[in-house]
Structure formats: C-alpha cells, structure tokens
Amino acid sequence: QVQLVESGGGLVQAGDSLRVSCAASGRTISTYAMGWFRQAPGKEREFVASISRSGSSTSYRDSVKGRFTISRDNARNTVYLEMNSLKPEDTAVYYCAASSLAYSDYERQYKFWGQGTQVTVSS
C-alpha cells in the first residue's frame, strides 16, 4: 500500500514557473503508473498528466502541452510536475495519484491518492 504526499505548491504570478513534488512511501513507485490531476473551486477534478510505469511514455491534457512536464525519479521515490508559463486558469489543487496499471489516463484507474497541494496563479 503506497502513501503519497504532494508539496511545492504556492502563490505565483502569471508567466512564472513552479515545480510540485509527490513523495511516496510504503511501496516503491517503480511498480506504478503515476498521474497528476487538478481540481479548481466549483469544478470537477480533471486529468493533467501521466507517466508510464517504465517512464518511457507520458501524456498531457491539451491545455498544458508544451508548458508542463511530468517526470519520475524512482531512486528518490518521487514524481514531479514542472509547470511553466503558468496561467490564472491553472489555479487548482493538484493531486498526485498511482495506478497499478502500466499506463493510464483515466481517473477511475488510479487507486492511491495524495492530499493535494494548492497552486494559485495571479494575473
């Protein structure tokens, strides 16, 4: 059973960059596909990015392509989301999640979740 803890969120200005982290414990993340999701106030949680179990494949929602990068460091048991050229519409609580599948972009296939970290982008 893996436990996930996000960190690195904060208040930034539009155009700035931010890197959020997801530290895992209890199990090595090398056995999981990993994903980032986000939820803005009054909206449904949505998929942001994912990385395959092997780390060889990544996927992003259209609105963040070219701006966000997901990566994993299995030796540190940590997953990262680098966010560049941030926009006010990126404001949300960002959640890290783990899936027992080799690769997944579907929220229902992610069974282990962190508590989230707040990212606020001002204009």
Side-chain angles (χ1 to χ4, degrees):
Q1 198 90 346
V2 65
Q3 292 181 310
L4 306 173
V5 179
E6 302 93 334
S7 63
L11 175 63
V12 298
Q13 297 181 36
D16 284 354
S17 297
L18 196 65
R19 191 184 201 186
V20 291
S21 301
C22 174
S25 61
R27 293 281 291 159
T28 174
I29 62 168
S30 64
T31 62
Y32 301 98
M34 302 296 295
W36 285 97
F37 298 79
R38 66 187 182 187
Q39 186 170 28
K43 296 185 177 181
E44 295 291 315
R45 187 162 60 191
E46 63 184 18
F47 168 79
V48 177
S50 66
I51 186 166
S52 64
R53 191 158 62 197
S54 68
S56 61
S57 299
T58 59
S59 182
Y60 303 89
R61 70 178 299 109
D62 288 344
S63 62
V64 307
K65 287 181 179 177
R67 299 191 297 121
F68 290 12
T69 302
I70 186 172
S71 62
R72 63 193 302 157
D73 187 339
N74 290 348
R76 299 176 65 178
N77 223 26
T78 303
V79 180
Y80 305 94
L81 183 68
E82 182 182 1
M83 300 177 285
N84 299 317
S85 301
L86 282 163
K87 305 174 181 179
E89 50 262 46
D90 295 319
T91 295
V93 176
Y94 282 71
Y95 296 91
C96 174
S99 171
S100 296
L101 300 176
Y103 191 88
S104 178
D105 294 342
Y106 297 94
E107 181 175 339
R108 64 177 176 270
Q109 294 180 329
Y110 285 84
K111 302 301 182 183
F112 307 100
W113 294 80
Q115 84 293 335
T117 186
Q118 177 71 49
V119 174
T120 303
V121 185
S122 65
S123 59

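All residue numbers refer to positions in the sequence shown, counting from 1.
- Residues Arg45 and Arg38 have side chains not in contact (no heavy-atom distance under 4.5 Å, counting atoms from C-beta outward).
- One finds the OG atom of Ser30 at 5.5 Å from the CG atom of Asn74 (value rounded to the nearest 0.5 Å).
- The two residues Ser123 and Ala14 come nearest to each other via the heavy atoms CA-CB, 4.4 Å.
- Inter-residue side-chain proximity for Arg27 and Phe112 is flagged as unmet; no heavy-atom pair is nearer than 4.5 Å.
- Evaluated for a side-chain contact (heavy atoms from CB on, under 4.5 Å) with Ile29, the options Asp73, Asn77, Ile51 yield exactly one hit, Asn77.
- Atom OG of Ser21 and atom CG of Leu4 lie 12.5 Å apart (nearest 0.5 Å).
- The structure places OG of Ser59 at 4.0 Å from CZ of Phe47, a figure rounded to the nearest 0.5 Å.
- The pair Lys87-Asp90 does not meet the salt-bridge criterion, since no charged nitrogen lies less than 4.0 angstrom from a carboxylate oxygen.
- Using a 4.5 Å cut-off on side-chain heavy atoms (C-beta onward), Val20 and Glu6 make no contact.
- Scanning both residues, Gln39 and Lys43, for their nearest heavy atoms gives NE2-O, 3.1 Å.
- In this structure, OG in Ser71 is found 11.5 Å from CE in Met34, a value given to the nearest 0.5 Å.
- Looking only at side-chain heavy atoms (C-beta outward), Ser50 and Tyr103 come within less than 4.5 Å of each other.
- Counting only N and O atoms by type, the side chains of Arg19 and Tyr80 include no donor and acceptor under 3.5 Å apart.
- Under the 3.5 Å distance criterion, the side-chain polar atoms of Arg61 are left unmatched by any main-chain donor or acceptor of Val48.
- Checked by atom type and distance alone, the side chain of Tyr60 pairs as donor or acceptor with a backbone atom of Ile70 at under 3.5 Å.
- Between the CD atom in Glu82 and the CZ atom in Phe68 there is a gap of 10.5 Å [rounded to 0.5 Å].
- Arg53 contributes a side-chain N or O that, together with a main-chain N or O of Ser100, makes up a donor-acceptor pair within less than 3.5 Å.
- Of the N and O atoms on the side chains of Glu89 and Thr91, not one donor lies less than 3.5 Å from an acceptor on the other residue.
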Val121 and Gln13: CA distance, side-chain angles, deciding distance, side chain to side chain contact (heavy atoms under 4.5 Å, CB included) verdict | CA-CA 5 Å; Val121 185; Gln13 297 181 36; over 6 Å; no
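- The neighbour count for Gln3 CD, taken as heavy atoms of other residues, nucleotides or ligands under 6.0 Å away, does not exceed 12.
- Here the straight-line distance linking atom CG of Asp105 with atom CZ of Phe37 works out to 7.5 Å at 0.5 Å rounding.
- No side-chain donor-acceptor contact under 3.5 Å links Thr117 to the backbone of Ser7.
- With hydrophobic clusters built from ILVMFWY side chains whose heavy atoms lie under 4.5 angstrom apart, Tyr110 does not share a cluster with Tyr94.
- Leu81 and Trp113 fall into different hydrophobic clusters, where Ile, Leu, Val, Met, Phe, Trp and Tyr side chains are chained together by heavy-atom contacts under 4.5 Å.
- Nearest heavy atoms, Ser54 versus Ser56: OG-OG, 2.7 Å.
- Not one N or O on the side chain of Arg76 forms a donor-acceptor pair closer than 3.5 Å with the backbone of Arg72.
- Side-chain atoms of Tyr95 and Cys22, non-hydrogen and from C-beta on, never get closer than 4.5 Å to each other.
- Ser104 places no side-chain N or O within 3.5 Å of a backbone atom of Leu101 that could act as its donor or acceptor partner.
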